[in-house]
Peer 1: 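Here it is, the structure in full.
FYI, side chains are in, hydrogens and waters are out, and symmetry mates aren't considered; it's all heavy atoms of this structure. Chain letters run A, B, ... following the sequence lines, proteins first, then strands; residues in each count from 1. These numbers come from a predicted model, not from an experiment.
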2 protein chains.
Amino acid sequence: MKKSSPTIRDVAAAAGVSVATVSKYMNGAQRFSAPVEARLKAAIEALGYRSNPLARSMITGKTRTIGLTVLDISNPHFTNIVKGANRVALQHDYTLLLVDTEENQARERPLIEALALRVDGLIVSSRMPDEASDWMLELNKPVVLLRRSPHLQIPSVGIDNHLATYMLARHLVNQGHRRVAYLGFGQARVNDERIRGARECLAEADLTLDVYDAHAPTAQAGERACSSVMLGPSRPDAVICYNDLIALGFMKEAASLGFGLPQDVSVTGIDNVPYGEYASPALTTVDIQSEKMGELAMQKLIEALAGKRESGYATFEPRLIVRESTIRRD
Amino acid sequence: MKKSSPTIRDVAAAAGVSVATVSKYMNGAQRFSAPVEARLKAAIEALGYRSNPLARSMITGKTRTIGLTVLDISNPHFTNIVKGANRVALQHDYTLLLVDTEENQARERPLIEALALRVDGLIVSSRMPDEASDWMLELNKPVVLLRRSPHLQIPSVGIDNHLATYMLARHLVNQGHRRVAYLGFGQARVNDERIRGARECLAEADLTLDVYDAHAPTAQAGERACSSVMLGPSRPDAVICYNDLIALGFMKEAASLGFGLPQDVSVTGIDNVPYGEYASPALTTVDIQSEKMGELAMQKLIEALAGKRESGYATFEPRLIVRESTIRRD
DNA sequence: TTGAAAGCGCTAACAT
DNA sequence: ATGTTAGCGCTTTCAA
């Protein structure tokens, strides 16, 4: 059933040349005399020879593989990152070794360390704080982080979280909202930045921010958290959610609690996942260009692999997308 | 910056033993005398040695990597497959080499052939017809197909597409619908099966099925196709869409064309993607258990890798999920 | 329990 | 333009 594949030696023998010649031919390294080339072509064809990438990698030290870790592939934000990264990788003849850490912090480091041994470079999304990320430098492989870490020695791509929530808060204040709540996800590294962004904007209007926590960055968690926000002692007239999934869950539950959306409460998310547009009311959010983030991260990594100087951190401009889930309140 | 990692020889030297001993120690292959074990442990710790999986794979012929190709990682159906497959893979200490073929048929075969050289086995989602899938047998690697292919020599996991649309049509007929349309995706291998399932059910009630095509399995395509379905000469009172994404797009556009949902038209999808639940009206659909499909495919593959006899094809029971996008019509 | 030695399939000098 | 040869880092007989 499983006859083992032909090796370079089989081809060399069949074509009556040396293995070195076969190797050079496979790599297009030089030109050959017509008869040799013909025999080579024939032998390779006849044997169905394909060179073994493992053996090649052993010598060259390159695998043409990029490791990519995400916190949860089910989250469209990460899905889009993978999409973008995969596209650029394929263009450059790289393949993705994907690991979904499933929001399990304890597994992150060992998984990444194991991954590092099998790839040329890594793109990492992690909940580890910057201060605890030094070990990544010792992987001896180029790494690009999916976050904004300007002070780290590791290149990164991310967004300005402070600005994202600032923009949302500004939009809500401009629309006449006075009681704004933030439904966050405390485990995320960026949660505090997002709180500060909203708070700063509200403070300028002499308003304060009530902070709640959703315990997970998912729609289900948004559903569960809804009642304590909406049925608690200080009901908000607008809610900024940590991400679109939480917002989507929140809206669904708010509706089934009998609240009118967006009349009774405006809701916003962050990420601009594809399905916010198809919810109703369509979700107001901040586009953080997840797919482009994936593309850029991969581009930076491939540049690093090509020997270019590492390029520090890059951010995308968050862009407010106003849809129907936020409304003027007078 | 990039000092190359220590090899097994460095460890052997540092510990004053042979490389064979180090190898056996790393693989936990046997027991060692206390002093040797202590020196081994110390040397490995001191040097930060990690064995090179590439070199290991060269000899063992195993990479502990599974290749997974999907048509479009952005489609939650495939995202969930990846999720399930990744989970099972990690449990068994395998890693996923992911390729998103981006619905590009021409690339499928070369990408899969290249992938096959780097992995122990493959899980493949492909638009290739069964008749043109024989070359996969010659990859000399276990393959599991993500589709229902009972007549192929390759194990597969999929769903009963005929039954899925039959169930949807039955549900609609039971609700009193008389003019049912199908908004399909002609490029999909399973589109015809789905048409037949719906048609068969309708025929039993002396009804016929109008068939339209969305040109892509995406929400955007559903939006674009909506007007020709709803504003054409034979307006349906119910639409079965090829998948949830098309249905979501269709509903959005129908609403903005001024139709009331679900009063003016009932809509269904297939897949039960997570966001159908958060649309409004929440989408009636058929659950095909994408995540479980990914898990099962990986389980079957890992069993095949462990030498078990290949296990043919498996199907999940489609399960009707009635939500708010379909309504009784009298 | 430990070690010596022969490769896995290939590339990369270095000849010729 | 083609061939010879020495490994890449590791596992695996086989012997001690």
Side-chain angles (χ1 to χ4, degrees), chain A residues 2-44 47-65 114 116-120 140-141, chain B residues 2-44 47-65 114 116-120 140-141:
Chain A
K2 234 178 237 196
K3 51 200 161 195
S4 63
S5 333
T7 76
I8 198 171
R9 254 180 279 271
D10 299 326
V11 176
V17 298
S18 75
V19 294
T21 304
V22 182
S23 171
K24 285 164 193 155
Y25 178 78
M26 293 301 291
N27 295 306
Q30 50 169 68
R31 310 183 38 158
F32 301 85
S33 67
V36 167
E37 178 156 359
R39 270 147 52 207
L40 241 20
K41 198 175 279 181
I44 289 168
L47 295 171
Y49 171 72
R50 319 214 63 185
S51 93
N52 179 332
L54 244 55
R56 178 172 218 285
S57 293
M58 276 233 34
I59 295 175
T60 62
K62 267 80 191 67
T63 61
R64 299 215 73 85
T65 302
L117 300 170
R118 325 185 81 256
V119 300
D120 293 345
N140 285 330
K141 299 269 164 98
Chain B
K2 232 180 243 197
K3 52 201 156 192
S4 62
S5 332
T7 77
I8 198 172
R9 253 181 280 271
D10 299 326
V11 176
V17 298
S18 75
V19 293
T21 304
V22 182
S23 171
K24 285 163 194 157
Y25 178 77
M26 292 302 291
N27 295 306
Q30 50 171 67
R31 310 184 38 156
F32 301 85
S33 67
V36 167
E37 178 156 358
R39 271 147 51 208
L40 242 17
K41 198 175 278 182
I44 288 167
L47 295 170
Y49 171 72
R50 320 214 62 187
S51 91
N52 179 333
L54 245 54
R56 177 171 218 288
S57 294
M58 274 231 36
I59 295 174
T60 62
K62 267 78 191 71
T63 61
R64 298 213 76 83
T65 302
L117 301 169
R118 326 186 82 259
V119 300
D120 293 346
N140 286 329
K141 299 270 164 97

Peer 1: Under 4.0 Å between a side-chain N/O of Y25(B) and OP1 or OP2 of dC10(D), yes or no?
Peer 2: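 No, no such contact exists.
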Peer 1: Could you tell me whether the phosphate oxygens of dG9(C), OP1 or OP2, come under 4.0 Å of any side-chain nitrogen or oxygen in T7(A)?
Peer 2: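 No.
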Peer 1: Using whole Å, what does the distance between atom P of nucleotide dT5(D) and atom CD1 of I8(A) come to?
Peer 2: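 My rounded result for the distance is 16 Å.
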Peer 1: Separation of M26(A) atom CE from dT2(D) atom C1', in whole Å?
Peer 2: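 About 18 Å, once rounded to whole Å.
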Peer 1: Output the rounded distance in Å from CZ (R39(A)) to P (dA1(D)).
Peer 2: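 Distance check: R39(A) CZ to dA1(D) P gives 15 Å.
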Peer 1: Between dG3(D), dG9(C), dG9(D), which nucleotide has the shortest distance from any of its atoms to the side chain of R9(A)?
Peer 2: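 That would be dG9(C).
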Peer 1: Heavy atoms, side chains only, cut-off 4.5 Å: are T7(B) and N52(B) in contact?
Peer 2: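 Of all side-chain heavy-atom pairs linking N52(B) with T7(B), none is under 4.5 Å.
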Peer 1: Please classify the nucleic acid contact of S33(A) as base, sugar-phosphate, or nothing, using heavy-atom distances under 4.0 Å.
Peer 2: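 Sugar-phosphate, backbone atoms only, no base.
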Peer 1: Looking at P53(B), is its backbone amide N or carbonyl O close enough to the side chain of S57(B) to form a donor-acceptor pair, meaning the two atoms are under 3.5 Å apart?
Peer 2: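 Yes; judged by distance alone, with no hydrogens or angles, the pair exists.
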Peer 1: Does R56(B) place a side-chain N or O at less than 4.0 Å from the phosphate oxygens OP1/OP2 of dC8(C)?
Peer 2: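 Checking R56(B) against dC8(C): no side-chain N or O falls below 4.0 Å of OP1 or OP2.
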Peer 1: Give a yes/no on whether any side-chain N or O of T21(A) is located under 4.0 angstrom from OP1 or OP2 of dG3(D).
Peer 2: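 Checking T21(A) against dG3(D): at least one side-chain N or O falls below 4.0 Å of OP1 or OP2.
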Peer 1: Under 4.0 Å between a side-chain N or O of S23(A) and OP1 or OP2 of dC10(C)?
Peer 2: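 No, no such contact exists.
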Peer 1: Can any side-chain N or O of N27(B) pair as donor or acceptor with the backbone N or O of A29(B) at less than 3.5 Å?
Peer 2: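 Looks like no, no N/O pair under 3.5 Å.
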Peer 1: Calculate the interatomic distance between I59(B) atom CD1 and dG7(D) atom C1'; express it in whole Å.
Peer 2: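 Taking CD1 of I59(B) and C1' of dG7(D), I get 13 Å after rounding.
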Peer 1: Take atom CZ of R50(A) and atom C1' of dG9(C), then tell me their distance rounded to the nearest Å.
Peer 2: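 Interatomic distance, CZ of R50(A) to C1' of dG9(C): 16 Å.
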Peer 1: What integer distance in Å separates K24(A):NZ from dG9(C):C1'?
Peer 2: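 K24(A) atom NZ is separated from dG9(C) atom C1' by 16 Å.
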Peer 1: Between R39(A) (side chain) and G16(A) (backbone), is there a donor-acceptor pair under 3.5 Å?
Peer 2: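 Yes, the answer is positive, given that a donor and an acceptor are paired below the 3.5 Å cut-off.
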Peer 1: If you compare every side-chain N and O of S18(B) against the phosphate oxygens of dT2(C) (OP1, OP2), does one of them come in below 4.0 Å?
Peer 2: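 No, because none of the side-chain N or O atoms of S18(B) sits under 4.0 Å from OP1 or OP2 of dT2(C).
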Peer 1: Side chain of A20(B), heavy atoms from C-beta onward: which of dT12(D), dC10(D), dC10(C) has the nearest atom to it?
Peer 2: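 Between dT12(D), dC10(D), dC10(C), the one nearest the side chain of A20(B) would be dT12(D).
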Peer 1: Scan S51(A) against the nucleic acid and name what it touches under 4.0 Å (heavy atoms): base, sugar-phosphate only, or nothing.
Peer 2: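 Result for S51(A) = sugar-phosphate.
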Peer 1: Looking across every strand, which nucleic acid part, if any, lies under 4.0 Å from R31(B) by heavy atom: base, sugar-phosphate, or nothing?
Peer 2: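 The residue R31(B) makes sugar-phosphate contact but no base contact.
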Peer 1: If each of M58(B) and V19(B) is mapped to the nucleotide of DNA chain C with the nearest heavy atom, which maps nearer the 5' terminus, i.e. the 5' end?
Peer 2: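 Whichever sits nearer the 5' end wins; that is V19(B).
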Peer 1: Over how many whole Å does the gap from L47(B) atom CG to dG9(D) atom C1' extend?
Peer 2: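 Going from CG in L47(B) over to C1' in dG9(D) covers 15 Å.
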Peer 1: If you look at every strand shown and take non-hydrogen atoms under 4.0 Å, does V22(B) touch a base, only sugar-phosphate, or nothing?
Peer 2: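 Nothing, no heavy atom under 4.0 Å.
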Peer 1: Any side-chain N or O of N27(A) less than 4.0 Å from the OP1 or OP2 oxygen of dT11(C)?
Peer 2: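 So the side chain of N27(A) is within the cut-off, an N or O lying under 4.0 Å from OP1 or OP2 of dT11(C).
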Peer 1: Working note: T65(A) + R118(B), criterion side chain to side chain contact (heavy atoms under 4.5 Å, CB included); need CA distance, chi angles, decisive distance, verdict.
Peer 2: CA-CA 10 Å; T65(A) 302; R118(B) 326 186 82 259; 3.0 Å; yes
Peer 1: Determine whether a donor-acceptor pair (N or O, by modelled atom type, separation under 3.5 Å) exists between the side chain of K141(A) and the backbone of V119(A).
Peer 2: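 Pair found, side chain donor or acceptor close to backbone of V119(A).
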Peer 1: Atom CG of N52(B) and atom C1' of dG9(D): how far apart are they, to the nearest Å?
Peer 2: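 To the nearest whole Å, that distance equals 6 Å.
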